[in-house]
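Working notes, structure below.
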2 protein chains.
Amino acid sequence: MNTPDDDWLRLDQQICFSLHAASRAFNGVYRGILKDLGLTYPQYLVMLVLWEHDELPVKKLGEHLRLDSGTLSPLLKRLEAAGLVRRERSARDERSVEVRLTEEGTALRGRALQVPRRIAASTGFGPDEVRALRARLDELTTALDAAALAEPTGGSPADGRS
Amino acid sequence: MNTPDDDWLRLDQQICFSLHAASRAFNGVYRGILKDLGLTYPQYLVMLVLWEHDELPVKKLGEHLRLDSGTLSPLLKRLEAAGLVRRERSARDERSVEVRLTEEGTALRGRALQVPRRIAASTGFGPDEVRALRARLDELTTALDAAALAEPTGGSPADGRS
DNA sequence: CGCCATTCAATTGCACACAACTTAATTGTG
DNA sequence: CACAATTAAGTTGTGTGCAATTGAATGGCG
């Protein structure tokens, strides 16, 4: 009666398409605006973290962004080639690589200050709406991450627990 | 005064990271569940459309999903290699390629019926919450798409015209 | 001290996304 | 009909994202 499988499949088409599309639309708007700075969207995310922390090992950077070295290593190489960051093996722990801003990378922050305003203008959302949506998305991410851990390959989650 | 540039940059870090992370978290949960069906997340989106329409030219498929042939061509080739769809040049218009489900592709829908329920379980969201979030995201996408068109390369649109 | 499990970064392989370009077919216009 | 403009797929090149593997370094333990 209430929401049979067919309807769920249709609804699923809508929600997962919506999130996918929203993510790519966002990406597209950032792409246009960030082109002026010579950054891609993920590169901008990395820079945002570095502007807050100035220097971080790759591991920490990955925790902030939920990205692993497979994604970060080539990305950081490009940022280094662009002269925005330096990477150097930590003296304390030779396994770790410290990422730090160059002067050029630090200076880029000044030009990036106008980005959020332009994005906000594109969305038409105000600060409160942005915050509300962010809270909703974080909720979702937390739930999804927990579920991904609980159900690695699709075992029936019947029991749950812990 | 209220919300200076620095705060906007910090807020931007949060919202764009949140959307990016939510999208990837969603992708990750789907990945786990879709592995049973041998589909990736974008392939699942294509199949959802085909299960509704049965046969479509690549162009229409792209409009439904906001994807271009650069993405769809190789993806459809993989679906064809997997035996789920056939692609054949339209007799009416030789430029166009019709994508249609094979019997195997049609049959896969039966196994896919359980996917949305498992996703819903992962999010902990009910149908109404899903619908609300979807509406919000669509709003965002519409605004972003409009903005992307209005501001292709970021130049001030003051003059316009040729 | 020697050895093994763990940790971190990098690399490899695969699959999107998307811009830019190519090729083939169709349409519009004179 | 001829020819330029348009349209549809496909191809190429770049940049993620992620699983799996590799290789170097560290830490724990007998």
Side-chain angles (χ1 to χ4, degrees), chain A residues 16-17 20-32 34-35 38-46 56-63 65-82 85 87-99 145 148 152-153, chain B residues 16-17 19-32 34-35 38-46 56-63 65-82 87-99 145 148 152-153:
Chain A
C16 70
F17 164 72
H20 203 61
S23 177
R24 286 186 294 121
F26 233 98
N27 202 316
V29 170
Y30 272 103
R31 188 194 317 280
L34 292 174
K35 194 161 46 178
L39 294 175
T40 65
Y41 183 48
Q43 287 166 7
Y44 173 66
L45 293 177
V46 168
L56 278 176
V58 173
K59 184 73 193 309
K60 290 288 180 192
L61 203 49
E63 285 170 7
L65 299 169
R66 285 175 208 264
L67 290 172
D68 64 12
S69 67
T71 299
L72 287 175
S73 286
L75 190 159
L76 291 170
K77 244 190 243 183
R78 286 177 207 113
L79 288 181
E80 187 172 42
V85 306
R87 293 181 305 152
E88 38 196 56
R89 231 74 221 186
S90 164
R92 197 172 316 284
D93 184 343
E94 289 277 340
R95 291 171 303 179
S96 178
V97 168
E98 300 287 334
V99 182
D145 279 354
T153 48
Chain B
C16 71
F17 164 71
L19 186 60
H20 202 62
S23 177
R24 286 185 295 120
F26 232 97
N27 201 315
V29 170
Y30 271 103
R31 188 195 315 281
L34 292 173
K35 195 161 46 178
L39 294 175
T40 65
Y41 183 48
Q43 287 168 6
Y44 173 66
L45 294 178
V46 168
L56 277 177
V58 173
K59 183 73 191 312
K60 290 288 180 193
L61 203 48
E63 286 169 7
L65 299 170
R66 286 176 209 260
L67 291 172
D68 65 11
S69 66
T71 300
L72 286 175
S73 286
L75 190 159
L76 291 170
K77 245 190 244 184
R78 285 176 208 112
L79 287 181
E80 188 172 41
R87 293 181 303 155
E88 39 196 54
R89 232 70 221 188
S90 164
R92 196 169 316 283
D93 184 343
E94 288 278 340
R95 291 172 303 180
S96 178
V97 167
E98 300 287 334
V99 182
D145 279 354
T153 47

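Side chains are part of it too, since the values below use all heavy atoms of this structure and drop only hydrogens, waters and symmetry mates. Every chain is numbered from 1, with letters handed out A, B, ... down the list of sequences.
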Side chains of A:R78 and A:P74 in contact at under 4.5 Å (non-hydrogen atoms): yes

Between D:dC18 (C1') and A:L65 (CG): distance, integer Å: 15 Å

Starting at the 5' end of DNA chain D, which residue's closest nucleotide do you reach first, B:L72 or A:E94? B:L72

With rounding to the nearest 0.5 Å, note down the distance linking OH in B:Y44 to CG in B:L39. 9.0 Å

Counting primed atoms plus P, OP1 and OP2 as sugar-phosphate and everything else as base, spell out the protein contacts along nucleotides 3-9 of chain D at 4.0 Å heavy-atom distance: B, S or - for each nucleotide, 5' to 3'. ----BSB

State whether A:K77 places a side-chain N or O below 4.0 Å from either non-bridging phosphate oxygen (OP1 or OP2) of D:dT14. no

Note: chain A reaches DNA chain C at heavy-atom distances under 4.0 Å over the stretch, first to last nt, 5' to 3', of C:dT7 to C:dC18

Go through the structure and list residues passing salt bridge (Lys or Arg N to Asp or Glu O under 4.0 Å) with B:R89, not counting sequence neighbours. none

Applying side-chain hydrogen bond (donor to acceptor under 3.5 Å, both in side chains), can you list everything that pairs with B:R95, at least two apart in sequence or on another chain? B:D93

Provide a list of protein-nucleic acid N or O atom pairs under 3.5 angstrom, restricted to nucleotides 15-17 of chain D.
{"residue": "D:dT16", "atom": "OP1", "partner": "A:T40", "partner atom": "OG1", "Å": "2.6"}
{"residue": "D:dT16", "atom": "OP2", "partner": "A:Q43", "partner atom": "NE2", "Å": "2.6"}
{"residue": "D:dT16", "atom": "OP2", "partner": "A:R78", "partner atom": "NH1", "Å": "3.1"}
{"residue": "D:dT16", "atom": "O5'", "partner": "A:R78", "partner atom": "NH1", "Å": "3.4"}
{"residue": "D:dG17", "atom": "OP1", "partner": "B:H20", "partner atom": "NE2", "Å": "2.9"}
{"residue": "D:dG17", "atom": "OP2", "partner": "B:H20", "partner atom": "NE2", "Å": "3.4"}

Would you mind reporting whether B:V46 and B:L72 have side-chain heavy atoms less than 4.5 Å apart? yes

Sequence neighbours left out, what passes side-chain hydrogen bond (donor to acceptor under 3.5 Å, both in side chains) with A:R31? Give chain and number order. none

Side chain of A:R66, backbone of B:R24: donor and acceptor closer than 3.5 Å? no

Ignoring hydrogens and geometry, is there a side-chain-to-backbone donor-acceptor pair from A:D68 to A:T71 under 3.5 Å? yes

Distance, rounded to the nearest Å, where A:L79 contributes CG and D:dT14 contributes P: 17 Å

Tightest non-hydrogen contact, residues A:K60 and A:L56, listed as CB-CD2, 3.8 Å

Under 4.5 Å between any side-chain heavy atoms of A:V97 and A:L76, yes or no? no

